[in-house]
Structures are given as structure tokens and as C-alpha cells.
J.: 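Structure provided below as C-alpha cells; questions to follow.
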Amino acid sequence: GENVEQHPSTLSVQEGDSAVIKCTYSDSASNYFPWYKQELGKRPQLIIDIRSNVGEKKDQRIAVTLNKTAKHFSLHITETQPEDSAVYFCAASPFSGGYNKLIFGAGTRLAVHP
Amino acid sequence: DVKVTQSSRYLVKRTGEKVFLECVQDMDHENMFWYRQDPGLGLRLIYFSYDVKMKEKGDIPEGYSVSREKKERFSLILESASTNQTSMYLCASLPTNVEQETQYFGPGTRLLVL
């Protein structure tokens, strides 16, 4: 079935450094790729998303890149801050006959140290 | 602003009990989802519903059932709770709109089965 692999599972950076999280997906028909941030004890919140007709999208310090040929997409956070510390989940939306179903990666725990 | 609420933040039940987890959304969304979240496994889809009285199995439906009698409410039922169902349960909703694929999550219910 559809699968999304996410790496690394944990990531530790110094404040101000960049952080990169990578995901690969199995269903070549997937066309929507959101990234969620989940702070401790809180619900997942969408931070950025990209569709298959776009190769890159940026929103302030956050950017996402998509390589459809290789079936992978990445989250880039620049100038990291302690408040960026959270668990990040990638997801892919496989073609499912019109139903909006997401397959999630296992998550990356990002720790930003002051 | 979309609001998705879940009936309990924390729940403790005994093995064999019947457990009801309730989710309510106030934005008239057609699609609703139940996930469980476990460390290292990300979010796994249990069941989803794309309309009142309609339901579809997700990736891990065994041991669970659902009910969608009203559009705003989606219930997850554990017919006979077992210790391996101890987890965080997240509900999400989504409108049927080809331009909108972002799922909105509830705060989660942390269930402990003793």
C-alpha cells in the first residue's frame, strides 16, 4: 500500500542553524504534500504545503521542495529558533477516488538549542 | 476559524470495556477522520467518513468501529478495549473542496487501557 518514509527521526541543531527533514513516498499519483508541526501536548498544525505542479514553495523561514521524479520532498527551516522545537510530520495524499486521504510519515523530533 | 473538539483530553478504561470517543466540528465539513498516534509510528488512519452514515476503513481498523449519524459528529468506538489500544487518538475534519486539502485536527484524547 501507500507508504511515506521520513528521516531523520530526531534532529538536534543550534539556534540559528538550518534544519532539513526529508520524506519519500511510494504512490506516484500523490499530488498534495502538507507538513504539520506538533508542539508538546498540542494538536498538529499545518505549517506549509505543496502541490505536485510546483517544485518549491517558501513562507518566511520555511520552505518545501518537491522532486516528483525521485518521489521525495523536503522541509527546510532556516535561522532556527527555540520555538521551532516540535515534532514535524510530512504527509502525502495518494489518489483515492476523490477522497482526501493523507498518509503520514513517522515524524521528526526537532530540538533547537539556544 | 475551524474548530474541532474531542469529548475528553484524558481517559482511563479497563480491558474489555466499551469506549466511545466523540469528535465534533463546527464548520460543516463533509469529511472526518480518526487517527491514532504512537511514538515512532506517526499518525495512522483508523477510519474516515465522507458523508453522514458513510464510513471507510483506514489502515488499522481492527478492533474499532465508527458512527456518523450527524454531519458534525464522528464517533470512534472500541467495542472491547485492549491494552494495545492505549494511545493518543486524534480526530480531523476537511471540507470537500478540490482546492482545500488541509485537515484540521482536534486536541486529541489520550487513552490508557489498564
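Keep in mind that this is a model prediction, so the values were computed, not measured. Chain letters run A, B, ... following the sequence lines, proteins first, then strands; residues in each count from 1.
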J.: Tell me if the aromatic rings of B/Tyr35 and B/Phe105 count as close, with their centers under 6.0 Å from one another.
T.: yes

J.: Rounded to the nearest 0.5 Å, what separation is found between the CG atom of A/Leu102 and the OG atom of A/Ser93?
T.: 5.5 Å

J.: Heavy-atom distances under 4.5 Å only: say whether B/Asp59 touches chain A with side chain, backbone, both or neither.
T.: side chain

J.: Under 4.5 Å, counting heavy-atom pairs only, tell me which of A/Ile103, A/Val4, A/Leu46 racks up the most with chain B.
T.: A/Leu46

J.: Of B/Tyr89, B/Trp34, B/Tyr47, which meets side-chain hydrogen bond (donor to acceptor under 3.5 Å, both in side chains) against B/Tyr64?
T.: B/Tyr89

J.: With the threshold set at 4.0 Å, does a side-chain nitrogen-carboxylate oxygen contact exist between A/Asp59 and A/Lys57?
T.: no

J.: Can you tell me which portion of B/Arg9 sits under 4.5 Å from chain A's heavy atoms? Options are side chain, backbone, both or neither.
T.: side chain

J.: A/Asp49 and side-chain hydrogen bond (donor to acceptor under 3.5 Å, both in side chains): which partner among A/Tyr36, A/Tyr32, A/Trp35?
T.: A/Tyr32

J.: Can you tell which part of A/Gln38 gets under 4.5 Å to a heavy atom of chain B, answering side chain, backbone, both or neither?
T.: side chain

J.: Quick check on B/Leu43 against chain A: is it the side chain, the backbone, both or neither that has a heavy atom closer than 4.5 Å?
T.: both

